Amino acid sequence: MAVQIREATAADWPAIWPFFHVIVAAGETYTYPRDMDEATARESWLLTPPGRTVVAVDDSGTVLGTAKMNPNHMGGASHIASASFMVDPQCGGRGVGRALGEHVLAWARAEGYRAMQFNAVVETNTGAVALWQSLGFQIMTTLPEGFRHPTKGYVGLHIMYQQL
């Protein structure tokens with residue numbers, strides 16, 4: 001399956017929302033409120049410049065996943081990028097997350113960012129941790145019990161980093 005990455009549009013939201021909602025409601029990987037409503041989710045995910053949101057699609061145009069990328073902070077720390085990713089659980093294991101990760105890193109380099117930092121990678125999200133490490137990210141530190149997992153209790157929250 002070929003994965004293509006393109007700019008997300010408002011017309012993509014109806015395809016993003018179903019898996020976004022499932023992932024957030026599960027409460028296992030994101031620090032968003034589990035009961036986040038659709039309007040709030042849309043506003044938080046579909047970014048405007050200097051942020052950017054993309055979708056990963058297959059050859060038929062079906063949305064398989066999405067990523068948003070942005071400066072991690074403002075002002076004197078705006079040279080560090082950050083990003084968030086969601087892959088439709090039905091499309092896991094097909095390289096969608098890797099394609100999105102590679103795209104986001106290329107974007108950050110092209111935009112002149114000096115590094116990328118992920119502020120909150122749940123340590124029990126081992127697939128994501130392994131993917132980010134395979135793409136060159138390091139775990140800088142782990143905030144013990146920084147995340148309340150719905151079935152595993154309090155687990156660590158990694159801060160991951162890669163110099164670009």
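Predicted model only: the values in this text are computed from it and were never measured.
Under the 4.5 Å side-chain heavy-atom criterion for ILVMFWY residues, no single connected hydrophobic cluster contains both V87 and V122. V104 and L47 sit in two unconnected hydrophobic clusters of ILVMFWY residues. Membership requires side-chain heavy atoms under 4.5 Å apart, directly or through other members.
Pairing each heavy atom of V54 with each of H103, the nearest pair is CG1-NE2, 3.8 Å. Between Q162 and R109, the closest heavy-atom pair is OE1-NH2, 3.2 Å. The two residues M116 and L105 have their closest heavy-atom pair at SD-CD2, 4.1 Å. What you find for P14 and A11 is that their closest heavy atoms are CD-O, 3.3 Å. Smallest separation of non-hydrogen atoms from C91 and V96: O-CG2, 4.1 Å. Of all the heavy atoms in W132 and G101, the pair that sits closest is CZ3-CA, 4.0 Å.
Y30 shares a hydrophobic cluster with W13, I16, W17, F19, F20, I23, V24, Y32, M36, W45, L46, V55, V57, V63, M86; the chain of contacts runs through ILVMFWY side chains whose heavy atoms sit under 4.5 Å apart. Residue Y161 belongs to a hydrophobic cluster whose other members are M140, with links defined by side-chain heavy atoms closer than 4.5 Å.
A salt bridge is absent between R94 and D58: the closest approach of a Lys/Arg side-chain nitrogen to an acidic carboxylate oxygen does not fall below 4.0 angstrom.
Two residues are said to be in side-chain contact when any heavy atoms from C-beta on lie closer than 4.5 Å; V129 and E123 fail this criterion. Between M160 and I139 there is a side-chain heavy-atom pair separated by less than 4.5 Å. Within the 4.5 Å cutoff, the side chain of I159 has heavy atoms near those of the Q117 side chain.
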E7 and R52: CA distance, side-chain angles, deciding distance, side chain to side chain contact (heavy atoms under 4.5 Å, CB included) verdict: CA-CA 8 Å; E7 218 46 55; R52 181 173 178 240; 2.6 Å; yes
Intermediate values then yes/no, side chain to side chain contact (heavy atoms under 4.5 Å, CB included), R98 and L131: CA-CA 7 Å; R98 178 170 297 280; L131 173 59; 3.6 Å; yes
Tell me which donor-acceptor pairs under 3.5 Å the side chains of residues 143-153 have, and how far apart each pair is, sequence neighbours excluded?
unit_1, atom_1, unit_2, atom_2, d
H149, ND1, T151, N, 3.1
H149, ND1, T151, OG1, 3.3
H149, ND1, K152, N, 3.2

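The CG atom of N72 lies 7.5 Å from the CG atom of N70; values are rounded to the nearest 0.5 Å. Annotation: the span from H21 atom NE2 to R34 atom CZ amounts to 10.5 Å, rounded to 0.5 Å. Annotation: the span from D12 atom CG to T66 atom OG1 amounts to 8.0 Å, rounded to 0.5 Å. Note that CG of L164 is 8.0 Å distant from CD1 of I80, once rounded to the nearest 0.5 Å. Note that CG of D37 is 12.5 Å distant from CZ of R42, once rounded to the nearest 0.5 Å. From M69, atom CE reaches atom CG of L100 across 8.0 Å, with rounding to the nearest 0.5 Å.
Of the possible polar contacts, none joining the T53 side chain to the K68 backbone as a donor-acceptor pair under 3.5 Å is found. Judged by distance alone, with hydrogens and angles left aside, the side-chain atoms of T142 form no donor-acceptor pair with the main-chain N or O of L157 at under 3.5 Å.
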